[in-house]
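Sequential numbering from 1 along the given sequence is applied to the chain's residues.
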Amino acid sequence: MKDIHPKVEEALDTLNLNRAARRRLLTGAGLVSASAAATALLSACTGDSGGNAPAAQGGTAAAGAAGDFPATPQWKFTLVCHVTTNPFFTPTQYGAQDACALLGTEFQWTGSRDSIVAEMVNACNTAVSAKVDGLAVAVVDKDAFREPVNKALDAGIPVVSYNADGSRDDKGTARLAYVGQGLYESGYALGQRALQQVDSGEVVGFIATPGALNIQPRIDGAQQAIKDSGKPITFTAVGTNADITKGLSIIDAYAQGHPDLAGMLAVDAGSTQSVGQTVAKYAMRGKGLKVAGGFDLVPETLAAIKDGHLDYTIDQQPYLQGFLPVLYLYLYKLSGGLLFPSETNTGLLFVTKDNVGPYQTTKTRFEGSDTAQKVVERAGAIPHA
């Protein structure tokens with residue numbers, strides 16, 4: 001018999017064959033099976049190069065499993081959103097989709113198109129009735145989601161919140177963890193940044209849906225930052241509209257009626273985009289407007305920053321707000337609840353004229369500007385935090 005590679009010998013040892021069966025496998029067509037066994041063994045081990053000890057101790061993934069995890073049912077998770085078709089949440093959906101592809105799970109994207117809380121509550125209750133394996137909810141109301149989340153938890157369904165988490169003093173649910181930006185803190189930072197350029201005068205803050213707890217804490221934070229400064233600045237909060245076209249008309253009219261504005265801020269993607277468009281339309285930079293800024297990374301906002309109509313916008317990494325809830329719910333299920341979801345602040349990054357370039361020139365799923373999976377190359381030193 002020809003010499004047998006040591007790894008094939010190891011594979012055969014794992015099969016616990018008698019001497020005759022072992023010999024048959026090593027002759028003729030049986031060699032293919034032995035080689036296949038060796039390949040399986042090699043994929044579970046690190047071979048001659050050493051490496052990951054747990055894998056070498058027998059952590060081979062079963063058929064249908066993710067990575068080195070054990071095989072599981074194809075768990076289904078439901079994400080309930082307040083504005084399901086808003087482009088802000090495009091990368092959020094990509095994040096959930098990518099996590100599901102990685103883990104062998106699936107998700108449903110549901111809720112309300114127009115921030116109607118009753119529709120979101122119905123979506124939560126439907127998910128609980130359908131016995132989904134996990135639930136992620138944008139808690140934009142501190143009272144409405146308490147009961148449906150309790151029902152889910154009582155039914156053994158883990159729940160996390162994302163993007164919005166009730167109010168500062170009352171998270172509104174018994175969810176296991178929150179994944180998203182620190183909303184009040186980000187609004188406070190928005191106001192502080194404006195104070196670097198404004199010492200007095202009138203500053204307006206636009207908010208699409210006053211009271212909605214994904215954005216109300218931001219405008220509260222901005223207002224408090226300006227108040228804490230002690231500067232002679234009048235801050236006025238103005239409601240716009242969840243419909244961007246209607247919101248733009250409101251912002252446009254306000255700008256015309258207040259020609260001496262020192263600052264224009266916004267706390268949602270649509271209003272921020274509209275502020276940039278309004279500043280450009282009326283050439284407000286040449287008429288005393290000292291600062292304009294807001295939130296999120298829609299293309300119109302990025303263009304306004306590049307052109308100087310907006311000073312900055314704040315990135316909150318919406319991709320992670322889809323990816324991490326799926327990952328956390330999966331790990332909770334996999335560990336029998338021992339891996340408890342972690343409170344996760346997805347960050348606060350100011351995008352300015354100095355760093356807007358890569359956001360405009362790089363098209364990725366991470367920012368919702370492309371559907372393709374790709375590796376994004378970068379070069380040079382990484383800025384110090």
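At least one donor-acceptor pair under 3.5 Å links the side chain of Asp243 to the backbone N or O of Thr245. Side-chain N or O atoms of Lys363 include one that pairs as donor or acceptor with a backbone N or O of Gln360 at under 3.5 Å. A distance-only check finds a donor-acceptor pair linking the side chain of Asp133 to the backbone of Lys76 [under 3.5 Å]. Judged by distance alone, with hydrogens and angles left aside, the side-chain atoms of Glu343 form a donor-acceptor pair with the main-chain N or O of Tyr178 at under 3.5 Å. Of the possible donor and acceptor atoms, one in the side chain of Lys231 sits under 3.5 Å from a partner among the backbone N and O of Leu195.
Nearest heavy-atom pair, Ala255 versus Met264, reported as atom, atom and distance to 0.1 Å: CB-CE, 4.5 Å. A pairwise comparison of heavy atoms in Arg193 and Thr352 identifies NH2-CG2, 3.3 Å as the closest pair. The minimum heavy-atom distance between Pro148 and Cys124, with the atom names listed, is CB-CB, 3.9 Å. Considering every non-hydrogen atom in both Asp268 and Ala208, the closest pair reads OD1-N, 2.9 Å. Summarising the geometry of Ser112 relative to Met120, their closest heavy-atom pair is CB-CG, 4.0 Å, with the distance given to 0.1 Å. When all heavy atoms of Asn163 and Gln321 are compared, the closest pair comes out as ND2-OE1, 2.9 Å.
Using cut-offs of 30° and 60° for the angle between ring planes, the Tyr162 and Phe89 rings count as perpendicular. Note on ring orientation: taking the six-membered ring where Trp is involved, the planes of Tyr184 and Tyr188 are tilted (angle from 30° to 60°). Using the six-membered ring where Trp is involved, Phe206 and Tyr254 have ring planes that are perpendicular, over 60° apart on the 30 and 60° scheme.
A distance of 11.5 Å separates NZ of Lys227 from CG of Asp220, quoted to the nearest 0.5 Å. Between atom NZ of residue Lys246 and atom CD1 of residue Ile251 there is a gap of 14.5 Å, rounded to the nearest 0.5 Å. A distance of 8.0 Å separates CG of Asn214 from CD1 of Ile207, quoted to the nearest 0.5 Å. Taken to the nearest 0.5 Å, the OG1 atom of Thr278 stands 7.5 Å off from the CE atom of Met284. Separating the CG atom in Asp315 from the CD atom in Gln181 is a distance of 8.5 Å, to the nearest 0.5 Å. The CG atom of Asn241 lies 5.5 Å from the CD1 atom of Ile250; values are rounded to the nearest 0.5 Å.
A continuous path of ILVMFWY side-chain contacts below 4.5 Å connects Val238 to Val279, so both sit in one hydrophobic cluster. Linking Ile, Leu, Val, Met, Phe, Trp and Tyr whenever their side-chain heavy atoms come within less than 4.5 Å puts Leu135 and Leu153 in one cluster. Leu297 and Ile314 sit in two unconnected hydrophobic clusters of ILVMFWY residues. Membership requires side-chain heavy atoms under 4.5 Å apart, directly or through other members. One hydrophobic cluster holds both Leu334 and Leu327 under the rule that ILVMFWY side chains link at heavy-atom gaps under 4.5 Å. Leu302 and Tyr312 are not part of a single hydrophobic cluster, where members link through side-chain heavy atoms under 4.5 Å apart.
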Check your understanding: Going through the checks in order, is the side chain to side chain donor-acceptor pair (under 3.5 Å) test met by Ser167 and Asp170?
Key -> CA-CA 5 Å; Ser167 65; Asp170 184 0; 5.4 Å; no
Point to revise | Derivation of the side chain to side chain contact (heavy atoms under 4.5 Å, CB included) call for Val267 and Leu183 | key: CA-CA 10 Å; Val267 295; Leu183 299 172; over 6 Å; no
Exercise for review: Please report the C-alpha distance between Asp296 and Thr301 in whole Å, then the side-chain angles of each, then the deciding distance to 0.1 Å, and finally whether the side chain to side chain contact (heavy atoms under 4.5 Å, CB included) criterion is met.
Suggested key: CA-CA 8 Å; Asp296 303 328; Thr301 291; over 6 Å; no
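Looking at heavy atoms from C-beta onward, Ile219 lies in side-chain contact with Phe235 at the 4.5 angstrom threshold. Using a 4.5 Å heavy-atom cutoff, the side chains of Ile244 and Ser274 are in contact. Taking the side chain as every heavy atom from C-beta outward, Gln316 and Phe88 approach each other to under 4.5 Å. Contact annotation: the side chain of Val132 approaches that of Ile157 to within less than 4.5 Å [non-hydrogen atoms, C-beta and beyond]. Looking at Val137 and Arg175, their side chains never come closer than 4.5 Å, going by heavy atoms from C-beta outward. Proximity of Pro91 to Glu367: side-chain heavy atoms (C-beta onward) are nowhere separated by under 4.5 Å.
Partner of Tyr319 under the side chain to side chain donor-acceptor pair (under 3.5 Å) criterion, chosen from Thr364, Asp98, Thr92: Asp98.
A distance of 6.0 Å or more separates the ring centres of His309 and Tyr282.
A salt bridge links Asp311 to Arg285: at least one charged side-chain nitrogen sits closer than 4.0 Å to a carboxylate oxygen. Using a 4.0 Å cut-off between a side-chain N of Lys or Arg and a carboxylate O of Asp or Glu, Lys171 and Asp165 do not qualify as a salt bridge. Between Glu185 and Arg168 there is no salt bridge, since none of the side-chain N atoms of the basic residue sits less than 4.0 Å from a carboxylate O of the acidic one.
For Thr346 and Gln317, the side-chain atoms include no donor-acceptor pair closer than 3.5 Å. Tyr328 and Thr344 form a side-chain donor-acceptor contact under 3.5 Å, judged by distance and modelled atom types alone. For the residue pair Gln256 / Asp252, a side-chain donor-acceptor distance below 3.5 Å is found, with atom types taken as modelled. Under 3.5 Å, the side chains of Thr313 and Thr272 contain no donor-acceptor pair of N or O atoms.
The local environment of NZ in Lys131 is sparse, with at most 12 non-hydrogen atoms from other residues, nucleotides or ligands closer than 6.0 Å.
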